[in-house]
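Below is one structure, written out as structure tokens, with a few remarks after it.
Order of the sequence lines fixes the chain letters, A, B, ..., with proteins taken first and strands second; residue numbering starts at 1 for each chain. As the structure is a prediction and not an experimental result, all values here were calculated from the model. Every heavy atom of this structure was used, including side-chain atoms; hydrogens, water molecules and symmetry mates were not.
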Protein chains: 2
Amino acid sequence: MDETPWEPPTVLLAVDLVILTLRSSTLHVLLVERGIEPHKGRSALPGGFLFDADEDLRTAAHRELSEETDLDAARLHLEQLGTYGDPGRDPRGRVVSVAYLAIAPELPEPEAGTDASAAAWTPVEECLSGRTELAFDHRSILDDGLERARAELEHTSLATAFCDEPFTISDLQQVYEAVWGQRLDPRNFYRKVQAVPGFIVPALPDRRRTRGRPARLFRPGPRDRLRPPMMRPDPPTSSEER
Amino acid sequence: MDETPWEPPTVLLAVDLVILTLRSSTLHVLLVERGIEPHKGRSALPGGFLFDADEDLRTAAHRELSEETDLDAARLHLEQLGTYGDPGRDPRGRVVSVAYLAIAPELPEPEAGTDASAAAWTPVEECLSGRTELAFDHRSILDDGLERARAELEHTSLATAFCDEPFTISDLQQVYEAVWGQRLDPRNFYRKVQAVPGFIVPALPDRRRTRGRPARLFRPGPRDRLRPPMMRPDPPTSSEER
DNA sequence: GCAAAAGTGTTTCTACTACACCCATGT
DNA sequence: ACATGGGTGTAGTAGAAACACTTTTGC
């Protein structure tokens, strides 16, 4: 049908990162302020173009992560989220961006970019409410990243990636509550988590000094997929169909 | 840091399709025989390069689908699966491929390509066992597609996309059994499916003529996300950790 | 009538919820 | 002592599995 000599179109390939963390029990996302057009001065997800034609996609994501934060990128959970390639999403031309989702434990210092204009942890609520508007289609990438994180908390051990080791069970509970936006019963959570084989394993009989009784400490277990899953309670469903 | 004039590398963008269907109670995937190098003569997932720089990714997937099968592409469930961009996955150069997952009900005629050399429904078992070797990294794309389909059967109404309307509950059960590779109890399945609000709704009091008592007919319901989910039974777990 | 598949009832077991209660520590 | 969060017991409820049994058709 089309045996005519035909040149496939080339596109620019980029990676974008949704980096989530918990800061004082609130979910935050790392945003940079764009230093150049388009969308100069607006907040955006960290990311950038593939460096050269031999660079692996995941490697590119790690590189951008290192360039724009001081995180120990190696130990970070990093997972492909989706690819965003609508024509017109970037006025400079056809840019297709592969988004990655990264989860970081709470950091000592919030920012310290070596590359981008400014990097800052921003409460996700600010983005969702529209108080902070994101460049390009980064709002929908963020939405997808949040929904992915919420779903993975049910079926994988992702939550432990938010925590520094060792962690207490209520550390873990704060992760679930922040990401799901729901309060959970600490007593039931305590047992439910431990009922999942391989999710968490006890650490040294060390104990954490806070108010109240010291808590036992745990580390991530060997299992990545949770069986049974940690199902989130149904949100108050407005209408029932039949 | 690098303010030197720098040209971002361009890549070739492709789409690949994992098209699954049920044929005589067995899960099949659509494969084409490659007519050109590389991997000439080998089986591969249908797909191809982006047509031009203005073409949407999903549109490209639909176009390739129409070109290589006679499916009514419009009514097909089509969902982004992931992006495969390892350098070296294609010897022709840097090709990044966005994979889509499509689910089709059983078709009157299995093949009829207008574009590719030959299209054929192949039992997925043939690919998994290695009896049919796939070109490029299509084997791992297929693996990801299967795992995605298995997971979506639990949480979404994807299974109805395998069925022609109207369908019986045991039609639906065959979908679950084929994709999960597990036998299910028909009596419990019968009630479990109907206990999910909005999953399926009764169709005309028409009945299907087979051996045995005729079954009631149903259509897909309004809900896309299943609550409660249809959890698959745990596969016989080999080892328990503690 | 008999085979075959659809659909129902019932029992048992497990899992989740809600909440009362006890435990260990800092102040 | 007492406040504060960690951890345990337990009853009530809902859902899942297992399986006996009835119903409706084709032959």
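Each of B/Met231 and A/Arg187 lies near DNA chain D, and the nucleotide nearest A/Arg187 is the one positioned closer to the 5' end. Each of A/Thr168 and B/Pro214 was matched to the nucleotide of DNA chain D holding its nearest heavy atom; the match closer to the 5' end belongs to A/Thr168. In terms of position on DNA chain C, the residue among A/Pro228 and B/Pro186 whose nearest nucleotide sits closer to the 5' end is B/Pro186. Judged by closest nucleotide on DNA chain C, B/Tyr190 is the one of A/Ala195 and B/Tyr190 placed further toward the 5' end.
Screening A/Leu17, A/Leu146, A/Leu142 against A/Val29 for a side-chain contact (heavy atoms from CB on, under 4.5 Å) leaves a single residue, A/Leu142.
Which of C/dA5, C/dA20, C/dC23 sits closest to the side chain of A/Arg213 comes down to C/dC23. Considering only side-chain atoms of B/Arg191, the nucleotide from C/dA6, C/dC19, C/dT8 that sits closest is C/dT8.
The distance from atom CG of A/Leu184 to atom P of C/dA18 is 11 Å, rounded to the nearest whole Å. For the pair A/Asp185 CG and C/dC21 C1', the computed distance is 13 Å after rounding to whole Å. Between the C1' atom of C/dG1 and the CZ atom of B/Arg211 lies a distance of 18 Å, rounded to the nearest Å. A straight line from CG of B/Asn188 to C1' of C/dA6 spans 14 Å, rounded to a whole angstrom.
By the 4.0 Å N-to-carboxylate-O rule, A/Glu154 lies too far from A/Arg227 to be salt-bridged with it.
Between the side chains of B/Thr168 and B/Ser170, at least one donor N or O sits under 3.5 Å from an acceptor N or O. In this model, a donor atom of one side chain and an acceptor atom of the other lie less than 3.5 Å apart for B/Asp144 and B/Tyr84.
In 5' to 3' order, the nucleotides of DNA chain D bounding all contacts with chain A (an atom under 4.0 Å from a heavy atom) are D/dT4 to D/dT10.
The CE atom of B/Met230 sits 11.5 Å away from atom OG of B/Ser157, with the distance rounded to the nearest 0.5 Å. Interatomic distance, CD of A/Glu165 versus CG of A/Asp171, reported as 12.0 Å (0.5 Å rounding).
Side-chain nitrogen and oxygen atoms of B/Ser170 include at least one within less than 4.0 Å of the OP1 or OP2 phosphate oxygen of C/dA6.
A/Arg216 comes within 4.0 angstrom of sugar-phosphate atoms only, judged by non-hydrogen atoms across all strands, and of no base.
For B/Gln194 (side chain) and B/Tyr190 (main-chain N/O), a donor-acceptor pair under 3.5 Å exists by modelled atom type.
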